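Values reported hereafter were calculated over all heavy atoms of this structure, with side chains retained and with hydrogens, waters and symmetry mates removed. Numbers restart at 1 for each chain; the letters A, B, ... are given by sequence-line order, proteins then strands. Quick caveat: nothing in here was measured; it's all calculated off a predicted structure.
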Number of protein chains: 2
Amino acid sequence: MPSKPLPPITIDAVYAAPGYLFRRMQQIAVSIFIEECKAFDLTPVQYAALIAIHTHPGIDATRLSAVIAFDRSTLGSVIERLQAKDFVERKPAPEDKRIKLLYLTKLGAAILREIIPAVERAQARMLEPLKPTERKALMGLMAQLVDLNNEASRVPLRAEDALEHLGKGG
Amino acid sequence: MPSKPLPPITIDAVYAAPGYLFRRMQQIAVSIFIEECKAFDLTPVQYAALIAIHTHPGIDATRLSAVIAFDRSTLGSVIERLQAKDFVERKPAPEDKRIKLLYLTKLGAAILREIIPAVERAQARMLEPLKPTERKALMGLMAQLVDLNNEASRVPLRAEDALEHLGKGG
DNA sequence: AAAAGATTGTCAGTATGCTGTCAATCTAGA
DNA sequence: TCTAGATTGACAGCATACTGACAATCTTTT
């Protein structure tokens with residue numbers, strides 16, 4: 001009985017692999033986002049942070065990192081940059097000296113309103129090459145896969161759990 | 001005639017957005033890859049580089065960056081790390097003093113053979129939560145989307161063009 | 001052959017993204 | 001209460017990713 005042949009070691013196998021396609025698509029998505037939003041000088045991550053702070057004013061950095069599935073260590077520098085641009089401010093929490101609460105500044109809220117159309121354009125452009133039916137199918141499968149794989153990457157808290165203490169979460 | 005209402009500014013809109021799902025899935029994919037391949041201490045990008053050099057021995061860094069859709073600037077340090085691990089060696093090109101040709105070392109080729117099963121496991125795990133039909137559908141749509149969006153992110157050369165001078169490309 | 005232009009690898013600079021560690025602080029248990 | 005454990009934000013260190021610049025070198029044009 002012959003042993004099962006090894007798959008050929010070839011770059012073409014990489015091109016069809018899920019990991020390659022996810023990496024490449026992420027690359028493309030960021031590139032399109034930056035292009036559409038270049039007038040605002042905001043990265044995708046900074047945008048996500050602004051939205052999350054807008055949705056949950058007074059959130060702290062640890063919970064924010066859970067809400068946008070973003071590494072806690074890196075988030076510090078992201079917030080610093082948003083602070084430097086005067087989009088975000090941090091206030092000490094009265095009942096816990098370790099925590100700094102995050103709020104949008106007036107400028108941050110204004111930028112958020114203005115950037116939304118550009119972000120919508122970027123999101124649309126990412127899927128533009130597909131037919132409408134295919135777009136829906138892809139987004140459905142991606143949402144499902146991300147949700148079911150949520151535990152696979154180290155995110156300290158599930159978003160819902162992270163928000164329990166903030167009163168209502170959504 | 002009332003104007004079309006703005007979409008609500010809310011983190012939930014982000015969760016359903018293509019850009020967020022692509023970023024999150026890439027995060028998950030890398031995490032799974034690292035976990036399955038931790039015995040080999042190879043990152044996804046380093047793995048892709050090894051495969052590409054194996055497929056195209058004597059490739060130079062610029063063409064390699066096109067083949068794996070990888071930024072040319074970053075590639076230098078990736079190769080350095082592969083060289084430090086003695087997986088790759090660089091030889092000067094006799095006919096062009098600017099170019100350094102890339103080859104796998106014996107060790108690099110051996111590692112590549114050994115790591116393949118772990119990589120296969122990783123790739124399988126990424127899609128595991130989906131049903132077989134859904135996996136095929138998702139990979140089909142992703143391959144299509146990445147292909148049609150190829151120009152959207154700055155890759156200096158298309159892979160096929162990059163390989164013309166190397167004789168046969170695949 | 002000389003000038004103009006393109007290519008190659010490298011570097012500086014910025015921004016994620018991750019692991020691991022740490023001091024300050026808060027909380028729960030003995 | 002006192003202390004063991006957990007949490008928070010900060011940091012160090014590594015590895016992508018990208019822009020833009022540069023000297024060395026090669027190619028094309030004149």
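The CD1-P distance, from A/I28 to D/dA17, rounds to 13 Å in whole Å. Between the CG atom of A/D71 and the C1' atom of C/dC18 there is a distance of 5 Å, rounded to whole Å. As a whole-Å value, the separation of B/Q27 CD from C/dC18 P is 4 Å. For the pair B/M25 CE and C/dG17 C1', the computed distance is 16 Å after rounding to whole Å. In this structure, CG of B/L75 is placed 16 Å from C1' of C/dT7, rounded to the nearest angstrom. If you take CZ of A/F22 and P of C/dG17, they are 17 Å apart, rounded to a whole angstrom. In this structure, A/I34 places its CD1 atom 10 Å from P of D/dC18, rounding to the nearest Å. Rounding to whole angstrom units, CZ of residue A/F33 and C1' of D/dC18 are separated by 15 Å.
Contact of A/S73 with C/dG17 (side chain to base): no donor-acceptor pair of N or O atoms is detected under 3.5 Å. Side chain B/T62 to base C/dG9: no donor-acceptor pair is found below 3.5 Å.
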Is there any protein nitrogen or oxygen under 3.5 Å from a nitrogen or oxygen in nucleotides 25-27 of chain C, and what are the pairs?
unit_1, atom_1, unit_2, atom_2, d
C/dT25, O2, A/R98, NH1, 3.3
C/dC26, OP1, A/K97, N, 2.5

Report each atom pair, protein N/O against N/O of nucleotides 14-16 of chain D, whose distance is under 3.5 angstrom.
unit_1, atom_1, unit_2, atom_2, d
D/dT16, OP1, B/T43, OG1, 2.6
D/dT16, OP2, B/Q46, NE2, 3.0
D/dT16, OP2, B/R81, NE, 3.0
D/dT16, OP2, B/R81, NH2, 3.3

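For A/R135, the side-chain hydrogen bond (donor to acceptor under 3.5 Å, both in side chains) criterion is met by no residue, not counting sequence neighbours. Applying the side chain to side chain contact (heavy atoms under 4.5 Å, CB included) criterion to B/D41, with sequence neighbours excluded, gives B/K85. Under the side-chain hydrogen bond (donor to acceptor under 3.5 Å, both in side chains) criterion, B/D96 pairs with B/R98, not counting sequence neighbours. Annotation: ring-ring contact (aromatic ring centres under 6.0 Å, His included) contacts of A/Y20 (sequence neighbours excluded): A/Y15. Checked against side-chain hydrogen bond (donor to acceptor under 3.5 Å, both in side chains), B/R90 has no partners two or more places apart in sequence or in another chain. Residues satisfying the side-chain hydrogen bond (donor to acceptor under 3.5 Å, both in side chains) test with A/S77, not counting sequence neighbours, are A/R81. B/L50 is linked by a side chain to side chain contact (heavy atoms under 4.5 Å, CB included) to B/L42, B/L82, B/F87, B/V88, B/L104, B/L112, counting only residues two or more places apart in sequence or in another chain.
Nearest-nucleotide assignment on DNA chain D puts the 5′-proximal partner with A/K100, out of A/V30 and A/K100.
Between B/A52 and A/I11, the shortest heavy-atom distance links the atoms CB-CD1, 3.8 Å.
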Please test B/R24 against A/N149 for side chain to side chain donor-acceptor pair (under 3.5 Å), starting from the C-alpha separation and ending with a verdict. CA-CA 10 Å; B/R24 189 77 186 100; A/N149 263 328; over 6 Å; no

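Between the side chains of B/R23 and B/Q26, no donor-acceptor pair of N or O atoms lies under 3.5 Å.
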Dot-bracket for DNA chain D, 5' to 3', Watson-Crick and G-U pairs with both distances under 3.5 Å, [ ] for crossing pairs, | for partner on another strand, reads ||||||||||||||||||||||||||||||

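Cluster note: B/L148 groups with no other residue, as no ILVMFWY side-chain heavy atom lies under 4.5 Å from it.
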Validation: residues 124-134 of chain B side-chain donor-acceptor distances under 3.5 Å, sequence neighbours left out:
unit_1, atom_1, unit_2, atom_2, d
B/R125, NH1, B/E36, OE2, 3.0
B/E134, OE1, B/K131, N, 2.9

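Between A/R72 and C/dG20 there is no side-chain N or O to OP1 or OP2 distance below 4.0 Å.
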